[in-house]
2 protein chains.
Amino acid sequence: MRVTQRCQYALRAIFELARRNGRGPIKIADIAEVQAIPQRFLEVILSQLKHGGFVDSQRGTDGGYFLKRDPADLTVGEVMRFMQGFIGPVSCVLNESEDNKCVLYGDCAFIDMWKEVQRAMTEIYDNTTFKNLVERDQQRKSEYLPCYSI
Amino acid sequence: MRVTQRCQYALRAIFELARRNGRGPIKIADIAEVQAIPQRFLEVILSQLKHGGFVDSQRGTDGGYFLKRDPADLTVGEVMRFMQGFIGPVSCVLNESEDNKCVLYGDCAFIDMWKEVQRAMTEIYDNTTFKNLVERDQQRKSEYLPCYSI
DNA sequence: ATTATCTTGATTGATTTAGTGAAGAAGTGT
DNA sequence: ACACTTCTTCACTAAATCAATCAAGATAAT
């Protein structure tokens, strides 16, 4: 596994907020249950996401978390970079990043391949918005439950 | 960083053997120096690669390691799977893998994205052979040093 | 025999990861 | 004012992973 559990939890939490966007604050306990995330861990993660400007919160009765960003403008890539740092197979794809310098002084047979992989990954992550995810989820659910109202 | 140092060392070692394929056994110390790998660590890794059937070795004077596989038929993906297990962003992309089951019972909004990323990654890794890498490396070197003999 | 080289299993230290504990601050309703 | 709910924060731990080394041994060529 490469995408950490913590990051997956963050993505799922934001997805849940995006899915219910505009319906007022959602409680941590609610998100934790629906998305199968340990509640105490989720508290830490949501606090982190709040500092990152992704979500905001309301305390007290009927409090909870809600999205601060437009789901149509928030990409998976942005959240992943915030949670785990850069996106890529190896750290040396970062051009001249001080301490991540290649020990082979640029004479590396693999660098083109690594960059190709990084490009492929970021292409997908940066073009997947939470609005996309919500729409796909709704469509998938309507396909699997065509006779929902019966 | 996602591809472990250990795996990168393994790839570089095999690349070095592929580059000098057919020229007899190469010493661990030699590979370690050229590819900037800690020698003691490389010993362990090469031993592992031998058990995996990727390389073979010869003891004694003028001994060393050499490729057991045809570089044109050996892909980066194959070595990566041997060194790190499966290739992919999250473990749940493995369909029904006993203990890696999705906690959301398949109701996951991200699974399609993860699979797309996995497909993109494996497409690159499984289509990059060590012969490719050696050829690209030679070409790159001839471009950067056009007046090598002067 | 001697030397060079690979072989193997155990071990270490650092880092990352996942998750928990516990006390507190801030809203809301009565 | 008070109780209740919910978020907030910092510290902490347990486990896993990772990178690398130690130490002793086995094997081949000369």
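Side-chain atoms are counted along with the backbone in the values below, which use heavy atoms only and exclude waters and symmetry mates. Because the structure is a prediction, the values reported are computed rather than measured. Below, read A as the first sequence line, B as the second, and so on, with proteins coming before strands; counting in each chain starts at 1.
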[X] [atom1] to [N] [atom2], straight-line distance once rounded to whole Å:
{"X": "B/I45", "N": "C/dC6", "atom1": "CD1", "atom2": "C1'", "result": "15 Å"}
{"X": "A/D30", "N": "D/dT5", "atom1": "CG", "atom2": "P", "result": "16 Å"}
{"X": "B/D62", "N": "D/dT27", "atom1": "CG", "atom2": "C1'", "result": "15 Å"}
{"X": "B/Q5", "N": "C/dT15", "atom1": "CD", "atom2": "P", "result": "14 Å"}
{"X": "A/R2", "N": "C/dT17", "atom1": "CZ", "atom2": "P", "result": "13 Å"}
{"X": "B/L17", "N": "C/dC6", "atom1": "CG", "atom2": "C1'", "result": "14 Å"}
{"X": "B/F41", "N": "D/dC22", "atom1": "CZ", "atom2": "C1'", "result": "15 Å"}
{"X": "A/Q48", "N": "C/dT17", "atom1": "CD", "atom2": "C1'", "result": "13 Å"}

Among residues at least two apart in sequence or on other chains, which ones pass ring-ring contact (aromatic ring centres under 6.0 Å, His included) with B/Y9?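 Here the qualifying residues are B/F41.
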
By the salt bridge (Lys or Arg N to Asp or Glu O under 4.0 Å) test, which pairs, at least two apart or in different chains, include something from residues 74-94 of chain A?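 The answer is A/R69-A/E78, A/R81-A/D126.
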
Side chains of residues 21-30 of chain B: which donor-acceptor pairs under 3.5 Å do they make with residues two or more places apart or in other chains?
{"from": "B/D30", "atom 1": "OD1", "to": "B/R20", "atom 2": "NH2", "distance (Å)": "3.1"}
{"from": "B/D30", "atom 1": "OD2", "to": "B/R20", "atom 2": "NH1", "distance (Å)": "2.9"}
{"from": "B/D30", "atom 1": "OD2", "to": "B/R20", "atom 2": "NH2", "distance (Å)": "3.4"}

For B/Q48, all residues meeting side chain to side chain contact (heavy atoms under 4.5 Å, CB included), sequence neighbours excluded: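 For B/Q48, the residues satisfying side chain to side chain contact (heavy atoms under 4.5 Å, CB included) (neighbours in sequence not counted) are B/R6, B/F82, B/M83.
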
Test of understanding: with side-chain hydrogen bond (donor to acceptor under 3.5 Å, both in side chains), list the residues that count as partners of A/Y125, not counting sequence neighbours.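 A/Y125 satisfies side-chain hydrogen bond (donor to acceptor under 3.5 Å, both in side chains) with no other residue.
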
What one-letter contact string describes nucleotides 7-17 of chain D from 5' to 3', where B marks a base within less than 4.0 Å of any protein heavy atom, S marks contact via sugar-phosphate atoms alone, and - marks no contact? BBS--------

Given that A/P38 and A/T61 both sit by DNA chain C, which one's nearest nucleotide is further toward the 5' end?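 The residue closer to the strand's 5' end, by nearest nucleotide, is A/P38.
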
With a cut-off of less than 4.0 Å, is there a side-chain N or O of B/Y9 near OP1 or OP2 of D/dA20?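 Checking D/dA20 against B/Y9, a side-chain N or O does come within under 4.0 Å of OP1 or OP2.
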
Taking B/K131 first and then B/D73, would you say they form a salt bridge - that is, a charged N and a carboxylate O separated by under 4.0 Å?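 No salt bridge links B/K131 with B/D73.
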
